[in-house]
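A quick write-up on the structure given underneath.
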There are 2 protein chains.
Amino acid sequence: MSARRSAGPTLKDVAAIAGVSYRTVSNVISGKAPVSAATRARVEAAIAELDYRPQLAARQLRVGRSNLLTLSVPFLSLPYFAQLAHAVVTAAEAVGYDVVVDETHGDAERELRAASGYRTLLSDGILLSAMSIGDEELMAARGRTPLVVLGERIRAARVDRVVVDSVTSTRDATGHLVAAGRRTLGFLGTVPDASSGAAAADLRLEGFRTALRAAGLEADPRHLLEVSPWDQRSPDGDYSREEGDARVRALLATPDGLGGLDGLVCANDLLAIGALRALREGGVDVPGRVAVVGWDDAPESAFAVPPLTSIAPDLGELARLAVASVLRLVDDPDSPPRVEQAPYRLVPRASAP
Amino acid sequence: MSARRSAGPTLKDVAAIAGVSYRTVSNVISGKAPVSAATRARVEAAIAELDYRPQLAARQLRVGRSNLLTLSVPFLSLPYFAQLAHAVVTAAEAVGYDVVVDETHGDAERELRAASGYRTLLSDGILLSAMSIGDEELMAARGRTPLVVLGERIRAARVDRVVVDSVTSTRDATGHLVAAGRRTLGFLGTVPDASSGAAAADLRLEGFRTALRAAGLEADPRHLLEVSPWDQRSPDGDYSREEGDARVRALLATPDGLGGLDGLVCANDLLAIGALRALREGGVDVPGRVAVVGWDDAPESAFAVPPLTSIAPDLGELARLAVASVLRLVDDPDSPPRVEQAPYRLVPRASAP
DNA sequence: TCGCGTGATTTCAACGTTGAAACCCGGGTC
DNA sequence: GACCCGGGTTTCAACGTTGAAATCACGCGA
């Protein structure tokens, strides 16, 4: 006897018990062909008796679909991606799909593998949240598997994408500070190499600048706080609480300290939460002296000290759009690429009332 | 032409180009049979030319394995489960497995479906973190698919489980407070219905009591704070920051307020973080007046105000043990059930130095 | 009474892969 | 020179399911 798996019952086993052909059992299950009430009952009894379950692999082989989507994110352990995964699993379930989760750790090679459809054909479509690879690499690597990119790092028009507008959202967040009378604003989370050019953080910086310009303001270069270069060893990437803490701490240690800074826009909530700690421990009142806003609306942000004002992307909608997009591609691989936007809103809290 | 999928190349297509039989292509890919260097090169060139990928469904159908595990958790959006998912994906990847994530929302019906192996045969094994169903239901529902239960809710000896010892870990956490001179201790997170009897929170309460007893202390019943009954509508379950905040706020609103409470042990970090907020806003100094410990060591806990002392379960090890267990079952379905323990450690921070 | 249509059921083949076994061929061995 | 050995390669069948088409039973109108 071969070393095969538990060898559960098959259509044939059910058919034998019910006294019909196995095709009829299939008909009962799929409901695609009419079956008399009597046989249906017999078949269903047999199914229950054997606890029969269809073998997805066989179905998939036959029909060419797995009803599986792959979600590829850098780190499931970051709140943003955890929320995203939650939203995607929920959205996929609503349309009868399961989700395989892949973590890239922001590793370019792994992101390329995701873009190209992995080594093995498994899922019907891929949702990729990239943070290391750029447009050309992605376009070069992509394979036949339907692909939808999440987020604004990738800008190529020839891929389906679902995004939340980083520029206008961050402009709004910055505008919120300006409207509250803040005049000396800083930005936490600029990226070292200008080469990337399309990272979400760059777009958020752009939104920051747009808002300042609109208000006739300008940012002191010392208030543009750059995060450390990407570090593979860090388990959570560089937009972390620790990094936010460190960068603001460094600013405070500067000869002029804050230098009049009265508002800080952060590229994400984790950086903001780190910044809050550094400010608090540095004796700087928030929002009295400095107002802080983040981006993500992580669940913990409402419980930060003080509670953090943030941009809340509608991840539920993002996920629904993404799933819909990828399924459209599954149905029609030649469907022209679209870029869709998910909404966001500004959630004001005590850190920037 | 039928409406099948993109119809990528198959072994036969590669074979045609390379001028060999398709079985030889298979040999090149699997490496299970010797292939001469010359043909190997030709085949590999053909593979590259066509960008051939093996079709997992066909392989799975043939060999009876999918190299897929299903992880079933209540909420991916809770830090604990997000960390757990991260750990499981990592551990599975190390042994060549992908992970399908299923969210039950703590719904009993969905947990039962997970325990029984889902409606369709897809993954080789299931890792289930249950929070609603009990021993009997689980044993009754379980099907043929190898199952490993994560966590201590389920106690049945006849299922494989991987746990972190809630009793001793919480006893340690409580002991830490006692050692620091705290004498009037409370517990946040008792559960309403005593019927469940095996929920992790109950075990943590037991650990709390054990430690008190060992120190010759006793808890004032008013200091055993019960969380609200499970609420399906709540997106995050009842062990939430909001709940912790509400329960402690309620205690403070009591005629005697804290009533001498000088240490609070929380069933998890989210409750503790909520508690910290309520205490802070109630003007209660932590740890000056009340020391607080949590359980989970959520990433955000190090940045809480004050940073939270917590029990840090070794989720990496938990995941490795769980994956190893389920794969053992896959290889040998009759392998006797085991219960394995993952280690934990106490991480002291400012909330309970 | 015959044929016809429709509902119910079955037969057949195919999806792409791999285990098992057969085959082929050149180089020893006796 | 007959034989065996083993690397290299191929043939064959099967995994469990579903699309397509064939078959069957039966009531009904002509």
Side-chain angles (χ1 to χ4, degrees), chain A residues 1-44 46-47 50-67 119-122 124 144, chain B residues 1-44 46-47 50-67 119-122 124 144:
Chain A
M1 181 176 165
S2 84
R4 287 201 67 256
R5 212 234 304 243
S6 40
T10 74
L11 283 181
K12 293 186 184 178
D13 301 317
V14 176
I17 293 198
V20 294
S21 82
Y22 65 91
R23 191 57 176 87
T24 298
V25 179
S26 172
N27 285 338
V28 169
I29 292 168
S30 71
K32 290 204 167 187
V35 177
S36 76
T39 38
R40 154 162 288 120
R42 288 215 314 287
V43 168
E44 273 165 357
I47 288 179
L50 292 179
D51 191 25
Y52 164 81
R53 323 280 174 111
Q55 202 134 318
L56 202 55
R59 178 179 294 173
Q60 175 181 359
L61 175 60
R62 183 64 241 244
V63 306
R65 296 207 181 165
S66 60
N67 276 38
R119 271 192 302 268
T120 212
L121 262 31
L122 164 65
D124 294 343
R144 274 176 290 263
Chain B
M1 180 178 165
S2 86
R4 286 199 68 257
R5 211 234 304 246
S6 40
T10 75
L11 282 181
K12 293 187 183 177
D13 301 318
V14 176
I17 293 198
V20 295
S21 83
Y22 65 90
R23 190 59 176 86
T24 298
V25 179
S26 172
N27 286 337
V28 169
I29 291 168
S30 71
K32 291 205 166 186
V35 177
S36 75
T39 38
R40 156 162 285 121
R42 288 214 315 287
V43 168
E44 273 165 355
I47 288 178
L50 292 179
D51 191 26
Y52 164 82
R53 323 280 175 110
Q55 202 133 317
L56 203 55
R59 178 179 296 171
Q60 175 181 357
L61 173 60
R62 183 63 241 248
V63 305
R65 296 206 182 168
S66 60
N67 275 38
R119 271 191 302 268
T120 214
L121 261 32
L122 163 65
D124 294 343
R144 274 176 291 263

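Every chain is numbered from 1, with letters handed out A, B, ... down the list of sequences.
Nucleotide D:dG16 holds its P atom 14 Å from the CD1 atom of A:Ile29, rounded to whole Å. Atom CG in B:Asn27 sits roughly 13 Å away from atom P in C:dT17 (whole-Å rounding). We find that CG of B:Leu11 is positioned 20 Å from P of D:dA14, with the value rounded to whole Å. A straight line from CD of B:Gln55 to P of C:dT18 spans 11 Å, rounded to a whole angstrom. In this structure, B:Asp13 places its CG atom 11 Å from C1' of C:dG16, rounding to the nearest Å. One atom, CZ of A:Arg65, and another, C1' of D:dT17, lie 16 Å apart when rounded to the nearest Å. Between the P atom of C:dA8 and the CZ atom of A:Arg42 lies a distance of 14 Å, rounded to the nearest Å. The CG atom of B:Leu61 sits 9 Å away from the C1' atom of D:dA14 (whole-angstrom rounding).
Annotation for B:Ile17 and B:Ala46: closest pair CG2-CB, 3.8 Å, computed over non-hydrogen atoms.
Ranked by how close their nearest DNA chain D nucleotide is to the 5' end, A:Pro54 and B:Gly19 are led by B:Gly19. Taking for each of A:Tyr22 and A:Pro34 the nucleotide of DNA chain C with the nearest heavy atom, the 5'-most of the two is the partner of A:Pro34. Take the nearest nucleotide of DNA chain D for B:Thr24 and for B:Ala58: the residue whose nucleotide is more 5' is B:Thr24.
At the phosphate of C:dT9, OP1 or OP2 sits under 4.0 Å from a side-chain N or O atom of A:Ser36. For B:Ser21, no side-chain nitrogen or oxygen approaches OP1 or OP2 of D:dT9 to under 4.0 Å.
Side-chain contact check for B:Arg23 and B:Ser26: at least one donor-acceptor pair (N or O, by modelled atom type) lies under 3.5 Å.
No donor-acceptor distance shorter than 3.5 angstrom exists from the side chain of B:Arg53 to the backbone of B:Gly8, with no hydrogens or angles considered. Panel note: side chain A:Asp124, backbone A:Asn67; a donor-acceptor pair is recorded below 3.5 Å.
Between D:dG19, C:dG16, D:dT17, one nucleotide has an atom nearer to the side chain of A:Tyr52 than all others, and that is D:dT17.
Residue A:Thr39 is classed as a sugar-phosphate contact, given heavy-atom separations below 4.0 Å to backbone atoms only. Counting non-hydrogen atoms under 4.0 angstrom, A:Arg23 reaches a base of the nucleic acid.
Counting atom types as modelled, A:Arg62 pairs a side-chain N or O with a base atom of D:dT18 as donor and acceptor under 3.5 Å.
Contact of the A:Tyr22 side chain with the A:Thr10 side chain is not registered, since no non-hydrogen atoms from C-beta on lie closer than 4.5 Å.
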